[in-house]
Q: 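Below: one structure in structure tokens.
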Amino acid sequence: MLHTVNKSPFERNSLDSCLRLAKKGSAILLMEDGVYAAVTGTTATDKMASAAKGNSVYVLGPDMSARGLAEDQLIDGIKVVDYEGFVDLVADNDGVTPWL
Amino acid sequence: MLHTVNKSPFERNSLDSCLRLAKKGSAILLMEDGVYAAVTGTTATDKMASAAKGNSVYVLGPDMSARGLAEDQLIDGIKVVDYEGFVDLVADNDGVTPWL
Amino acid sequence: MKFGILINEGPFTHQASDSAYQFVVAALAKGHEVPRVFFYYDGVYNANKLSAPQADDRNVVKRWSDLAAEKGVDLVVCIAAGLRRGIVEDNLMEGFRISGLGQLTEAAMGSERLVMFGD
Amino acid sequence: MKFGILINEGPFTHQASDSAYQFVVAALAKGHEVPRVFFYYDGVYNANKLSAPQADDRNVVKRWSDLAAEKGVDLVVCIAAGLRRGIVEDNLMEGFRISGLGQLTEAAMGSERLVMFGD
Amino acid sequence: MTEVVFEIEGVKKVITFLNRKAPYGTIYALEVLESVLITAAFEQHANIVFVDDGVYQIKKGQDTAALEMKNFLPTYGIIEMEKEDADEDEDMDMNWRIIVEKESMEARGLTADDFKIDVEVLSSAELAEVLETSDAVIGG
Amino acid sequence: MTEVVFEIEGVKKVITFLNRKAPYGTIYALEVLESVLITAAFEQHANIVFVDDGVYQIKKGQDTAALEMKNFLPTYGIIEMEKEDADEDEDMDMNWRIIVEKESMEARGLTADDFKIDVEVLSSAELAEVLETSDAVIGG
């Protein structure tokens with residue numbers, strides 16, 4: 001299962017709910033305002049870094065660039081994908097759970 | 001200053017921001033999905049009860065009724081108003097800060 | 001007292017327009033003035049005359065229009081926000097008019113309170 | 001592989017429609033099929049042909065319409081959600097059609113993946 | 001305009017509706033119900049799940065008269081009936097589950113008695129398994 | 001249709017724009033800028049405040065090319081220029097402040113150097129005072 005999170009971890013509870021309800025080992029894609037969870041040095045970094053140990057966490061590159069986030073700020077273990085990579089994630093997992 | 005909060009304290013950070021940035025002694029109106037912060041027995045009760053000691057906190061009755069919340073569940077010190085009471089709050093305070 | 005109203009969301013999806021309407025009705029009933037309601041962002045959708053809600057639901061667009069006719073409230077739709085979203089003269093409900101953002105600034109300057117409803 | 005797409009928000013205000021569009025373009029480029037995009041909730045506003053964004057901005061409505069023409073994607077607007085919000089035949093952009101919610105269930109049943117974009 | 005016809009003869013899927021939003025502040029709670037109901041017409045399996053503020057959608061005692069808004073609650077009764085019909089009809093291959101997450105319910109000081117309809121209360125871990133085995137998830 | 005004319009001759013107010021939302025995920029950051037700019041045409045005082053995810057609006061290095069979305073950042077440069085013009089013009093009675101809340105900035109690991117424009121960094125307590133003394137607050 002691929003879980004998509006499109007909200008800022010500071011504004012909403014979507015990331016918390018996703019981390020609580022995504023099965024260990026499943027894939028998580030941070031996109032739109034959800035990409036703010038992918039970087040180091042914030043109050044959301046610890047929980048995301050911890051999640052990146054038990055899950056495959058991805059972040060959408062075009063959404064990072066739009067928001068001025070650089071790849072060298074990424075939390076260890078989080079991989080950057082573009083829209084083609086997003087498509088691959090959907091194809092390679094057997095379903096998508098959107099945390100809207 | 002009257003501060004209005006229309007979001008659930010569980011879903012968003014609006015109430016936290018309001019409580020951090022509302023001057024002590026100012027008025028706070030919980031409305032729309034914000035009314036869930038007005039009742040006892042939830043994980044948001046403590047911070048709201050504490051805020052109700054330093055601020056005048058109001059909750060919009062019609063929004064409570066729609067959501068099935070009863071007045072006997074209210075946190076001590078929170079007062080129920082209807083839309084006419086809302087109008088009075090706007091008139092009696094010298095401005096409105098919306099925490100949208 | 002004079003209240004200016006700002007609405008940032010469209011009908012049905014968010015409660016903003018409902019809350020604003022109930023507030024305005026209550027304010028007028030108490031003898032206050034509501035000279036202008038300004039519709040911004042998705043709020044411009046409140047002026048879409050093609051909106052046809054189910055028979056057992058409230059008609060948000062018509063309700064604003066009726067209020068304007070009965071109470072002389074000036075309903076202003078932001079031209080830039082409206083163009084982007086396709087709310088233009090062709091589909092504008094009676095009682096609304098399209099104008100610039102200056103009308104919001106004027107409402108803030110000319111009213112004793114500005115009350116905003118949104119997401 | 002076949003992807004069904006569900007869009008829950010209108011153009012400009014939320015990124016949902018942009019994200020969905022970029023996803024669909026990438027999926028088609030990789031040789032996947034996107035037989036249908038279903039527009040629900042405020043997503044119906046993506047079909048408003050009166051939308052006229054500024055010259056330096058993308059035209060969300062036209063972009064979907066062009067994609068439908070070029071790639072044969074079936075763009076379906078929910079009739080109930082559209083009626084409530086005033087998206088009807090009169091203002092429906094070319095390339096979109098209005099139909100019932102069963103078209104969403106069919107897309108979920110007939111596609112190998114359902115991908116949803118919203119607020 | 002393209003009109004696609006899907007081959008759905010004999011297709012049986014598990015569709016999960018992940019309801020996370022409070023009622024009335026937004027319309028999501030109401031409009032998703034229409035898509036749940038249509039699922040019955042196609043005799044598909046469905047999980048109707050209430051998580052986070054979504055648990056407030058089925059709270060008893062909602063009275064929207066003063067707001068002049070449509071009451072969302074009666075529609076949940078129809079969904080409960082659809083589920084019961086499917087459970088009782090042996091010829092019908094349609095399994096519906098109505099699920100509340102325990103953690104979300106308790107964080108809001110609610111118990112199963114506060115709900116207008118009968119629900120299964122599942123832990124986060126149990127619900128994670130339900131999501132994992134769904135063919136399609138409709139959130140909102 | 002009613003067209004109201006307000007008496008605004010000589011009126012001078014303090015209008016605060018309370019920006020709390022991240023850019024691009026929603027359009028609020030962009031559309032509020034148009035209302036900030038029009039405030040200059042009426043020579044009103046303005047506080048342009050960035051709180052919560054609003055601080056991300058003015059982060060340097062935004063590149064929206066791959067999203068094909070309009071870049072919001074250049075408009076903040078125009079606002080900064082309007083402020084500087086007002087500060088330098090002795091005949092102009094228009095006081096603009098561009099403010100970031102320290103707590104919001106630090107929670108996101110940012111410093112004033114990360115911003116595209118010059119800002120005043122205020123504590124929550126100092127910002128509370130700014131809000132308290134505003135005549136109108138436009139949020140979003």
Side-chain angles (χ1 to χ4, degrees), chain A residues 4-16 18 29-50 52 58-76 78-88 98-100, chain F residues 18-33 49-77 80 100-117 119 121 124 127 139-140:
Chain A
T4 58
V5 176
N6 73 334
K7 289 296 176 300
S8 156
F10 310 109
E11 187 203 20
R12 303 225 200 172
N13 63 351
S14 319
L15 178 66
D16 289 333
C18 171
L29 173 66
L30 304 171
M31 57 184 286
E32 298 181 0
D33 291 344
V35 302
Y36 292 117
V39 298
T40 54
T42 82
T43 51
T45 300
D46 280 354
K47 70 179 154 201
M48 204 63 236
S50 161
Y58 303 87
V59 60
L60 199 55
D63 276 324
M64 285 187 69
S65 306
R67 290 161 182 81
L69 303 181
E71 294 199 14
D72 61 11
Q73 295 175 269
L74 279 181
I75 290 168
D76 277 350
I78 298 187
K79 289 172 277 298
V80 180
V81 293
D82 58 10
Y83 281 100
E84 297 211 343
F86 182 4
V87 170
D88 290 341
W99 293 94
L100 300 177
Chain F
L18 186 57
N19 302 301
R20 296 184 52 245
K21 299 198 174 147
Y24 308 113
T26 52
I27 202 176
Y28 302 101
L30 178 67
E31 286 190 322
V32 78
L33 291 175
V49 177
F50 300 94
V51 171
D52 294 327
D53 285 344
V55 303
Y56 284 131
Q57 294 180 18
I58 50 173
K59 188 174 185 315
K60 283 179 187 164
Q62 299 174 22
D63 175 1
T64 58
L67 294 184
E68 299 176 73
M69 291 174 81
K70 189 168 168 166
N71 195 326
F72 300 177
L73 208 45
T75 313
Y76 295 99
E80 190 180 34
V100 163
E101 189 210 16
K102 188 164 182 280
E103 284 75 357
S104 296
M105 180 180 84
E106 291 180 348
R108 288 158 186 79
L110 301 174
T111 69
D113 288 340
D114 290 310
F115 300 130
K116 162 87 177 180
I117 53 173
V119 299
V121 178
S124 307
L127 180 53

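So that the names make sense, note that chain A is the first sequence line, chain B the second, and so on, each numbered from 1. Only a predicted model underlies this, so the values are computations on that prediction, with no experimental measurement involved.
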Q: Can you tell me which portion of Lys59(F) sits under 4.5 Å from chain A's heavy atoms? Options are side chain, backbone, both or neither.
A: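 Side chain only.
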
Q: Is the number of heavy atoms from other residues, nucleotides or ligands within 6.0 Å of NZ (Lys102(F)) greater than 12?
A: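 No, the 6.0 Å shell around NZ holds no more than 12 heavy atoms from other groups.
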
Q: At a heavy-atom distance under 4.5 Å, which candidate from Met69(F), Gln57(F), Gln62(F), Lys60(F) has the highest pair count against chain A?
A: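 Among Met69(F), Gln57(F), Gln62(F), Lys60(F), the one with the most close pairs to chain A is Gln62(F).
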
Q: Compare all side-chain heavy atoms of Glu11(A) with those of Lys21(F) and state whether any distance is below 4.5 angstrom.
A: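 Yes, side chains in contact.
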
Q: So which part of Asp52(F) gets closer than 4.5 Å to some heavy atom of chain A, the side chain, the backbone, both or neither?
A: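 For Asp52(F), there is no contact with chain A at all, as no heavy atom is under 4.5 Å.
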
Q: Given side chains that start at C-beta, do those of Glu32(A) and Tyr24(F) come closer than 4.5 Å, heavy atoms only?
A: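 Glu32(A) does not reach Tyr24(F) side chain to side chain.
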
Q: Take atom CG in Asp82(A); do more than 12 heavy atoms of anything else shown fall under 6.0 Å from it?
A: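 Yes, the 6.0 Å shell around CG holds more than 12 heavy atoms from other groups.
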
Q: May I ask you to decide if the ring planes of Tyr56(F) and Phe10(A) are parallel, tilted or perpendicular, using 30° and 60° as cut-offs?
A: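 Ring orientation, 0 to 90° scale: tilted.
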
Q: I'd like to verify something: which residue of Ser104(F), Ala22(F), Ala66(F) has the highest number of heavy-atom pairs under 4.5 Å with chain A?
A: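 Ranked by heavy-atom pairs under 4.5 Å with chain A, first place is Ala22(F).
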
Q: Give the member of Thr64(F), Asp114(F), Leu67(F) that has the highest number of heavy-atom pairs under 4.5 Å with chain A.
A: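 Between Thr64(F), Asp114(F), Leu67(F), the count favours Leu67(F).
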
Q: If only atom types and distance count, is the side chain of Asp63(F) paired as donor or acceptor with the main-chain N or O of Ser65(A) below 3.5 Å?
A: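 The answer is no, because no donor-acceptor pair under 3.5 Å joins these two groups.
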
Q: Evaluate whether atom CD of Gln73(A) has more than 12 neighbouring non-hydrogen atoms of other residues, nucleotides or ligands under 6.0 angstrom away.
A: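 Above 12, so yes.
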
Q: To the nearest 0.5 angstrom, please state how far the CG atom of Asp33(A) sits from the OG1 atom of Thr26(F).
A: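 Going from the CG atom of Asp33(A) to the OG1 atom of Thr26(F) covers 6.0 Å.
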
